[in-house]
2 protein chains.
Amino acid sequence: MGSWRPATINLVATRAGVSRATVSRVMNGKSSVAPELAARVHAAAAALEYRPSIVARGLAGGRTSTVALVVPDLANPLFQGILRSLGQAAGRASHRLLVAESNEDVAAEIEMAREARRRCDALVLCAPRMSAEVLAQLAPELEPLVLLNRAVPEVRSPQVTVDYAAGIRDLASHLEGLGHSRLAYLSGPATSASNALRLHALHELTDAGRIQLDVLPCGPSFADGHAAAGAARESGSTAVVAYNDLVALGVLSGLHELGVRVPEQMSVVGFDDIPFSAYSTPTLTTATVPTDEIGEHAWARVKALLDGSPVPADLRLRPRIVVRGSSALAP
Amino acid sequence: MGSWRPATINLVATRAGVSRATVSRVMNGKSSVAPELAARVHAAAAALEYRPSIVARGLAGGRTSTVALVVPDLANPLFQGILRSLGQAAGRASHRLLVAESNEDVAAEIEMAREARRRCDALVLCAPRMSAEVLAQLAPELEPLVLLNRAVPEVRSPQVTVDYAAGIRDLASHLEGLGHSRLAYLSGPATSASNALRLHALHELTDAGRIQLDVLPCGPSFADGHAAAGAARESGSTAVVAYNDLVALGVLSGLHELGVRVPEQMSVVGFDDIPFSAYSTPTLTTATVPTDEIGEHAWARVKALLDGSPVPADLRLRPRIVVRGSSALAP
DNA sequence: TTGTAGGCGTTATCAG
DNA sequence: CTGATAACGCCTACAA
């Protein structure tokens, strides 16, 4: 038994004594076919274990039933969540996901987006670092395109974004309500758009005279947060707002080592609600980014684009505050 | 300006005043072409922003430069790690990854594997739950195939597996060396092959009279571990071997709530070394599964299969013990 | 070295 | 309702 070649539509047609066109019609359930012929086709297809070639179908019909997802970093729970939910949603509609990780490299990201798009029906792009100009210029050739986690007015493609500003405001308000009037913000990567948004939202609160703010350079990782614990303690603030949960958990760990009790002596809040935040000691007050919804909504837009049906309006998802053990009344 | 159609090889050929064959040759760097013609082709291609259609190329040449990865659960750090490293390795060779998640559903897994394979050049399959019989029967039609995280002698395809037994043995030996003679094993899902391996390895140690073992039914999640903390304490064992890190961290949390100090009163070890294990309180002693290497080696085998070159021998990666703060001398 | 022609497996358009 | 026939975009003998 040599290497087995998959059955083609031609074989099935011959075996069933019909034309390829009829086989195609039967397989696709399109325009009605005489019951008897249909039965013969089904029988032949089953006997031959025939499966239409997705590749050939892609060439002929221009649809690959595949959508591409380009993300900067698959180690990030946010993108992992998006990957999962988008994959599930697409899967339910019999579409597959092609995933490409750019490793935060914008140049690579551009090339990957171009290339990934060419072999798929649509592209879902998460490009937090890409400049609006580049994105605006690139977008047209990437269509059908859905932009995630990033609002770019210059781009006509549907966008599903996260209202980080509102999330941070809610977090700050929560702390304010607990009597904290001076907050330390552990800043993420300087090039991060979402970091800029967070910072901007915080500055608005200081401008409104509601809080005092210490901005401490930090980074996006646990280690960064851990290293910044000392600076946070020295800052004179009574609460720490971390760039994300990883950083917050790092701060928790760092403060613990420094003998600073959380939340008694200092409150800490994160952002993202990664799985462990519910289980750290103390458990972490944070804001949840609804990645499930992002994927779901992203898929709805992809589908609309592909079907030519009305595309749902752009969405700005508001993170939900999750109050846990790391925040309490100011000392 | 209506919707723009991507340039085809025909357009380039016409523009350059050559035949399609010549354009094809130039684009693929195959058999030498007169420098002047090549220059014309390059110029035309550049002017038209021509990019060969990957889909058409796939149909004609039978290569899609895409490989499929099927995993049971993308929430699992193990598979996330494999996804990342495999994706990176494939990417370096200009291949893309099609990812499909079966949600632990074996029936769905079978269908996904079949389907995913048909649209790609090869399949990398992680199917911890699939029976050896089914797998053996399915494998031939899935080739070129690389099996991950699962040793199945009946299958001829290359396999990269993890020696969980050795990992567990090393962990148990570590505890034994600390004076623990009675261990509680928090068992994972009954259908999990890796769980069976862990259990088997542990039983060998009891059969050898080296340790006493309490097997406690548990599960694979943090919540399962948390819930099992009480049972672990009552078991009479002085150390807990958890099915994985998630469970171990859950136990840590549960024991903390019960007022049991770790590692003073009880030692706890996990398995996987997920990112957070280095930062929990106490930090978790565990065993690292080298996901980076898995992806790397898996890709090497995929490539060999596709190139028709000699396929590297099957690999059994041994986890590396990481001793941290959750294990200490028996009380 | 270059061009011609046929084929990859489907779908879609027309006749009949 | 069914069957030729022409795309789809590219690759690859085979010929010249």
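Predicted model only: the values in this text are computed from it and were never measured. Every chain is numbered from 1, with letters handed out A, B, ... down the list of sequences.
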For chain A and DNA chain C, what are the first and last nucleotides along the strand, 5' to 3', with at least one atom under 4.0 angstrom from a heavy atom of the protein chain?
C/dG9 to C/dA12

With sequence neighbours excluded, residues passing side-chain contact (heavy atoms from CB on, under 4.5 Å) with A/Ala304
A/Ser309, A/Val311, A/Pro312

Charged N to carboxylate O below 4.0 Å: is that the case for B/Glu115 and B/Arg118?
no

Restricting to pairs with a member in residues 53-110 of chain A, which pass ring-ring contact (aromatic ring centres under 6.0 Å, His included), not counting sequence neighbours?
A/His95-A/Trp299

Any residue meeting salt bridge (charged side-chain N to carboxylate O under 4.0 Å, His left out) with [X], in chain and number order, not counting sequence neighbours:
X        : result
A/Arg20  : none
B/Asp121 : none
A/Arg25  : none
A/Asp292 : none

Taking N or O atoms only and anything under 3.5 Å, show me the protein contacts with nucleotides 9-16 of chain D, one pair per line.
unit_1	atom_1	unit_2	atom_2	d
D/dC10	OP1	B/Tyr50	OH	2.8
D/dC10	OP1	B/Ser53	N	2.9
D/dC10	OP2	B/Ile9	N	2.4
D/dC11	OP1	B/Asn28	ND2	3.4
D/dC11	OP1	B/Arg57	NE	2.6
D/dC11	OP1	B/Arg57	NH2	3.2
D/dC11	OP2	B/Ser24	OG	3.0

With sequence neighbours excluded, what pairs up with B/Ser65 under the side chain to side chain donor-acceptor pair (under 3.5 Å) test?
A/Arg119

Checking A/Tyr164 now: which residues fulfil ring-ring contact (aromatic ring centres under 6.0 Å, His included) with it, not counting sequence neighbours?
A/Phe271

Could you tell me, to 10°, how much the axis swings from one end of the helix from C/dT1-D/dA16 to C/dG16-D/dC1 to the other, five pairs per end?
40°

Pairs flagged by salt bridge (charged side-chain N to carboxylate O under 4.0 Å, His left out) wherever residues 70-92 of chain B is involved - sequence neighbours left out
A/Asp73-B/Arg84, A/Arg84-B/Asp73, A/Glu101-B/Arg84, B/Arg92-B/Glu296

